Peer 1: 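Just passing along the structure, written as structure tokens.
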Amino acid sequence: SAPNSVGAQVDHKIIGIDPGAGLMKATEKAMKDYDLKDWELVEGSSAAMTAALTQAYKDKKPIIVTGWTPHWMFSKFQMKYLDDPKGTFGKDEQIHTIVRKGLKEEQPSAYAFLDKFSWTPADMEKVMLDIESGKKPEEAAAEWVKNNEATVNKWVEGIQPAEGKKLTLAYVAWDSEIASTNVVKTVLEQKLKYKVELSQVEAGPMWVGVSNGDVDGMVAAWLPTTHADYMEKLGKDVEDLGPNLQGTKLGLAVPTYMEINSIEDLKK
Ligand SMILES: C[SH](C)CC(=O)O
């Protein structure tokens with residue numbers, strides 16, 4: 001590509017996240033669909049990607065990252081998704097709550113709440129931004145629960161507290177799921193008196209843990225496309241309680257100070 005092409009400017013690198021994320025599979029597919037032969041998708045983690053983005057943005061340097069909505073990067077920075085004319089990244093998706101088989105019989109209160117839990121991208125982004133600006137996840141979650149009493153009470157209305165019973169939730173350290181899982185933990189503990197343990201794992205082990213009953217559930221299933229592989233393999237061994245958030249989005253994201261507007265522009 002030309003010496004001052006965007007490829008040359010970013011050393012033909014797209015800064016990705018953990019390899020098990022569906023977003024990474026979608027990006028690999030996009031690199032094929034758009035024939036980005038000499039490009040590399042850098043594997044790492046959500047934290048490493050946001051650190052690289054923060055540094056590049058501070059230095060007003062070009063950077064292309066695997067992005068998703070909800071995410072604080074779109075409110076903290078001036079960011080834009082690259083157009084995806086081939087539709088590789090799919091359309092609006094949802095985040096689902098998935099629980100182990102048997103939870104309904106053994107932990108009816110937790111099951112009833114997890115079935116009711118649902119909130120908006122704005123709710124999630126508020127908690128994410130508080131965590132990004134330095135609050136501990138449990139603090140940001142407790143604050144959101146305190147400030148959203150009406151919503152929370154609707155979630156737990158008529159559900160019997162489960163004094164001291166134990167519950168384990170799995171999640172992957174994506175900024176969005178750190179926020180949602182801590183809010184769910186706070187409600188289970190404060191309102192339903194469960195003792196909740198969080199298990200931070202990669203995406204594959206998260207799905208496997210719920211399917212074999214090692215963990216009680218998770219609120220981190222990006223469907224229908226992003227986690228389609230996991231759902232295909234393990235869907236019959238879990239119970240899908242449906243969406244807890246509507247209107248997610250995946251794609252390649254860049255600071256608005258970059259001229260490019262489409263994935264097609266990466267080929268030049
Ligand atoms: C990075 S998104 C939160 C989820 C996924 O891509 O699997």
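We count ligands from 1, going down the list as the structure has it; atoms in each ligand are counted the same way. This is a predicted model, so every value here is computed, not measured.
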Peer 1: Give a yes or no on whether the backbone of I260 and the side-chain of D265 come within a donor-acceptor separation of less than 3.5 Å.
Peer 2: no
Peer 1: Measuring centre to centre across the rings, with the benzene-like ring taken for any Trp, is Y81 within less than 6.0 Å of F89?
Peer 2: no
Peer 1: Would you call the rings of F117 and W119 parallel, tilted or perpendicular, where under 30° means parallel and over 60° means perpendicular?
Peer 2: tilted
Peer 1: Would the distance check show the side chain of D240 and the main-chain N or O of G242 forming a donor-acceptor pair, the cut-off being under 3.5 Å?
Peer 2: yes
Peer 1: Which of parallel (below 30°), tilted (30 to 60°) and perpendicular (above 60°) describes W207 and H227?
Peer 2: perpendicular
Peer 1: Mind jotting down which protein residues get a heavy-atom contact under 4.0 Å with ligand 1? Chain and number order, please.
Peer 2: I17, A21, G22, L23, W68, W174, S176, E177, W222, T226, H227
Peer 1: So among T69, T248, T225, which one has a side-chain hydrogen bond (donor to acceptor under 3.5 Å, both in side chains) with E93?
Peer 2: T225
